[in-house]
Amino acid sequence: MSEGGRGRFYPVIIAAGAAILVASVGAAMTDIGLWYQALAKPSWQPPDWLFGPAWTLIFPLAALAAVTAGRDAPSQAERRWMIGLFAANGVLNILWSALFFRLRRPDWALVEVVLLWLSVLALILVLRRYSRPAALMLLPYLLWVGFAAVLNLSVVRLNAPFG
């Protein structure tokens with residue numbers, strides 16, 4: 001395989017690795033043990049087992065969106081901008097799990113989830129400039145984080161105060 005052929009796969013490998021890293025760290029932060037089980041939750045909350053498959057769909061779509069838009073971006077500077085937005089989103093994704101599950105502060109996580117949702121929206125708006133399909137791939141992520149925010153709000157209302 002030529003050097004150029006191999007180079008075409010680097011973005012795929014990097015995006016997949018980043019998605020796996022964020023998913024793994026976020027999963028490691030998620031503890032649905034006794035504290036979480038004791039929280040009052042709304043009757044409409046999906047079963048715990050559904051969250052894993054949802055994220056298993058969202059992370060590959062996000063990685064594919066990054067690769068697709070990155071290939072269509074007209075310059076290295078614009079690709080770097082997208083990478084920075086994805087990196088910030090990954091940090092916010094992990095931070096939510098840390099706040100909610102590790103620090104046991106759903107109230108702080110509620111504030112943070114707004115930033116996470118805005119970071120997904122920013123990604124959609126930026127990626128849309130270069131690739132409409134890439135932007136559309138992030139819509140499930142935006143909807144899921146929006147749903148998670150409403151669920152987070154319900155948990156806070158049902159269980160506050162925290163800390």
Side-chain angles (χ1 to χ4, degrees), residues 1 4-30 32 41-101 106 108-156:
M1 182 181 299
R6 280 194 305 261
R8 290 177 42 162
F9 292 105
Y10 291 145
V12 174
I13 293 166
I14 297 299
I20 290 167
L21 177 66
V22 171
S24 298
V25 174
M29 294 279 175
T30 302
I32 57 171
K41 297 174 200 77
S43 60
W44 48 266
Q45 177 175 318
D48 292 338
W49 64 262
L50 184 62
F51 289 84
W55 286 112
T56 301
L57 172 68
I58 289 166
F59 280 116
L61 282 173
L64 184 58
V67 172
T68 302
R71 287 185 176 158
D72 292 343
S75 73
Q76 188 63 27
E78 285 149 320
R79 282 188 284 283
R80 279 193 218 106
W81 173 239
M82 281 188 284
I83 290 168
L85 287 174
F86 272 105
N89 174 265
V91 168
L92 289 169
N93 190 297
I94 292 167
L95 181 59
W96 184 89
S97 294
L99 291 171
F100 192 100
F101 291 104
W108 294 353
L110 180 60
V111 173
E112 194 276 351
V113 78
V114 174
L115 299 176
L116 176 57
W117 188 88
L118 288 171
S119 77
V120 180
L121 180 62
L123 279 166
I124 289 171
L125 295 175
V126 169
L127 269 59
R128 186 178 65 180
R129 295 180 201 162
Y130 313 112
S131 171
R132 184 173 171 87
L136 291 173
M137 288 178 214
L138 293 177
L139 282 179
Y141 188 14
L142 185 72
L143 294 172
W144 187 252
V145 172
F147 174 75
V150 173
L151 181 57
N152 193 157
L153 174 62
S154 295
V155 168
V156 169

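Basis for what follows: all heavy atoms, side chains included, without hydrogens, waters or symmetry-related copies.
- For CZ of Arg128, the number of neighbouring non-hydrogen atoms (other residues, nucleotides, ligands) closer than 6.0 Å is 12 at most.
- Residues forming a ring pair (Phe, Tyr, Trp, His ring centres under 6.0 Å) with Tyr141 (at least two apart in sequence, or on another chain): Trp55.
- Smallest separation of non-hydrogen atoms from Leu85 and Ala122: CD1-O, 4.4 Å.
- Between Asn93 and Leu116 the shortest heavy-atom distance is N-CD1, 3.7 Å.
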Next item on the list: Apply side chain to side chain contact (heavy atoms under 4.5 Å, CB included) to the pair Phe51 and Ile32, showing each step before the final yes or no.
Entry: CA-CA 11 Å; Phe51 289 84; Ile32 57 171; over 6 Å; no
Margin query: side chain to side chain contact (heavy atoms under 4.5 Å, CB included), that's the test. Do Asn152 and Trp96 meet it? Break it down for me.
Written below: CA-CA 10 Å; Asn152 193 157; Trp96 184 89; 2.9 Å; yes
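- The line from CG of Leu139 to CG of Leu121 is 10.0 Å long, rounded to the nearest 0.5 Å.
- With rounding to the nearest 0.5 angstrom, the CD atom of Gln45 is 10.0 Å from the CG atom of Leu50.
- Of all non-hydrogen atoms in Val155 and Pro42, the two that sit nearest each other are CG2-CD, 4.4 Å.
- Looking at heavy atoms from C-beta onward, Val12 lies in side-chain contact with Arg71 at the 4.5 angstrom threshold.
- With sequence neighbours left out, the side chain to side chain contact (heavy atoms under 4.5 Å, CB included) criterion links Leu153 to Leu110, Arg157.
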Next item on the list: Verify side chain to side chain contact (heavy atoms under 4.5 Å, CB included) between Phe86 and Leu127, making sure each step is shown before the conclusion.
Entry: CA-CA 11 Å; Phe86 272 105; Leu127 269 59; 3.9 Å; yes
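- Legend: residues meeting side chain to side chain contact (heavy atoms under 4.5 Å, CB included) with Ser75, ordered by chain and number and at least two apart, are Ala77, Glu78.
- The aromatic rings of Phe147 and Trp144 sit tilted, their planes meeting at an angle between 30° and 60°.
- Here the closest heavy-atom approach between residue Ile94 and residue Gly26 is recorded as CG1-N, 4.2 Å.
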Next item on the list: Would you check, one step at a time, whether the test side chain to side chain contact (heavy atoms under 4.5 Å, CB included) holds for Leu151 with Trp44?
Entry: CA-CA 9 Å; Leu151 181 57; Trp44 48 266; 3.9 Å; yes
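- Between Leu138 and Val120, the shortest heavy-atom contact is O-CG1, 4.1 Å.
- Expressed to the nearest 0.5 Å, how far OH of Tyr130 lies from OG1 of Thr68 amounts to 14.5 Å.
- Distance CG/Asn89 to CG/Leu123: 5.5 Å, rounded to 0.5 Å.
- The line from CG of Leu21 to CD1 of Ile14 is 11.5 Å long, rounded to the nearest 0.5 Å.
- Here the straight-line distance linking atom CD of Gln76 with atom CZ of Arg79 works out to 4.5 Å at 0.5 Å rounding.
- Here the shortest heavy-atom pairing between Gly146 and Trp117 reads N-CD1, 3.6 Å.
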